[in-house]
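See structure below.
Nothing here was measured: the structure is a model prediction, and the numbers come from that model.
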Amino acid sequence: MKLLKQLCIILGICLAGEGIAWILPISFPSSVISMFLMLLLLIAGILKLEHIKEVSEYLVQNMAFFFIPAGVAIIEKYELVQGKILVLLLISFLTLILTFLAAAFTVQGVIRLQERRKGK
């Protein structure tokens, strides 16, 4: 029952993100809105980590499973990307490097901020 409650909380937040995305006058991914909404709820203390911990850990551990439909869709539509594979690989590689750099600089910045706060 506890796991079902946690899953309902996460799905409710996702549903709220879908609703917000539907209301917005611009196109914006509902998944990003949902993650931001969950972050705000966690920061505000309205939602505690214990309320979603087990289901969240399970979903993260099985994340690869959720990429299977996207992979199958790419294979089904292979003729659309057939002549553009090198360009797609180049874009994927460049965005991978940019993501790593952004994460590294963010971690370094957070560590520096934490060190400054400890020094005060």
Side-chain angles (χ1 to χ4, degrees):
M1 199 63 164
K2 181 179 178 183
L3 295 177
L4 184 60
K5 181 181 174 185
Q6 291 182 11
L7 187 62
C8 285
I9 290 170
I10 291 174
L11 291 177
I13 292 170
C14 290
L15 185 62
E18 287 283 341
I20 293 170
W22 186 72
I23 292 171
L24 288 177
I26 59 170
S27 179
F28 202 82
S30 61
S31 58
V32 174
I33 295 171
S34 299
M35 286 189 291
F36 186 69
L37 184 59
M38 187 173 293
L39 176 66
L40 288 177
L41 290 171
L42 286 167
I43 288 173
I46 298 168
L47 182 64
K48 304 284 186 210
L49 187 58
E50 298 82 39
H51 296 149
I52 57 170
K53 184 175 181 177
E54 287 87 4
V55 170
S56 299
E57 288 175 352
Y58 175 79
L59 291 172
V60 169
Q61 289 172 354
N62 296 291
M63 190 182 301
F65 175 75
F66 299 109
F67 286 97
I68 291 174
V72 171
I74 290 171
I75 291 170
E76 285 180 348
K77 303 294 182 182
Y78 179 73
E79 64 274 358
L80 295 175
V81 296
Q82 189 172 7
K84 303 169 183 135
I85 291 179
L86 289 177
V87 173
L88 291 173
L89 287 174
L90 178 66
I91 291 170
S92 297
F93 181 73
L94 289 175
T95 55
L96 174 74
I97 298 299
L98 290 173
T99 302
F100 281 157
L101 289 173
F105 286 123
T106 301
V107 168
Q108 286 179 348
V110 169
I111 289 172
R112 287 184 186 135
L113 280 174
Q114 289 176 341
E115 287 174 353
R116 282 186 201 159
R117 288 187 180 175
K118 282 184 181 179
K120 286 185 177 180

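- A heavy-atom distance below 4.5 Å is found between the side chains of I85 and L89.
- The shortest distance between side-chain heavy atoms of I10 and M38 falls below 4.5 Å.
- Residues L37 and L11 share a hydrophobic cluster, clusters being chains of Ile/Leu/Val/Met/Phe/Trp/Tyr side chains in contact below 4.5 Å.
- For L86, the CG atom counts as loosely surrounded, since its 6.0 Å shell holds 12 or fewer non-hydrogen atoms of other residues, nucleotides or ligands.
- The two residues L42 and L49 have their closest heavy-atom pair at CD2-N, 4.0 Å.
- Within the 4.5 Å cutoff, the side chain of F66 has heavy atoms near those of the L59 side chain.
- Hydrophobic cluster of V60: the remaining members, joined at side-chain heavy-atom separations below 4.5 Å, are M63, F67, listed by chain and number.
- Pairing each heavy atom of Q6 with each of H51, the nearest pair is CG-O, 2.8 Å.
- Cluster annotation: F105 and I97 are assigned to the same hydrophobic cluster (Ile/Leu/Val/Met/Phe/Trp/Tyr, side-chain heavy-atom contacts under 4.5 Å, transitive).
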* Step-by-step side-chain contact (heavy atoms from CB on, under 4.5 Å) determination, I52 to I13 -> CA-CA 11 Å; I52 57 170; I13 292 170; 5.8 Å; no
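- Of all the heavy atoms in G17 and S34, the pair that sits closest is CA-OG, 3.4 Å.
- L88 contributes atom CG, which lies 15.5 Å from atom CZ of F93 (distance to the nearest 0.5 angstrom).
- Between K118 and Q114, every side-chain heavy-atom pair lies at or beyond the 4.5 Å cut-off.
- For the atom pair NZ of K5 and CG of L3, the computed distance is 12.0 Å after rounding to the nearest 0.5 Å.
- Cluster partners of L15: none. The rule joins Ile, Leu, Val, Met, Phe, Trp and Tyr whenever side-chain heavy atoms lie under 4.5 Å apart, and it links nothing here.
- Proximity of I33 to L24: side-chain heavy atoms (C-beta onward) are separated by under 4.5 Å at one or more points.
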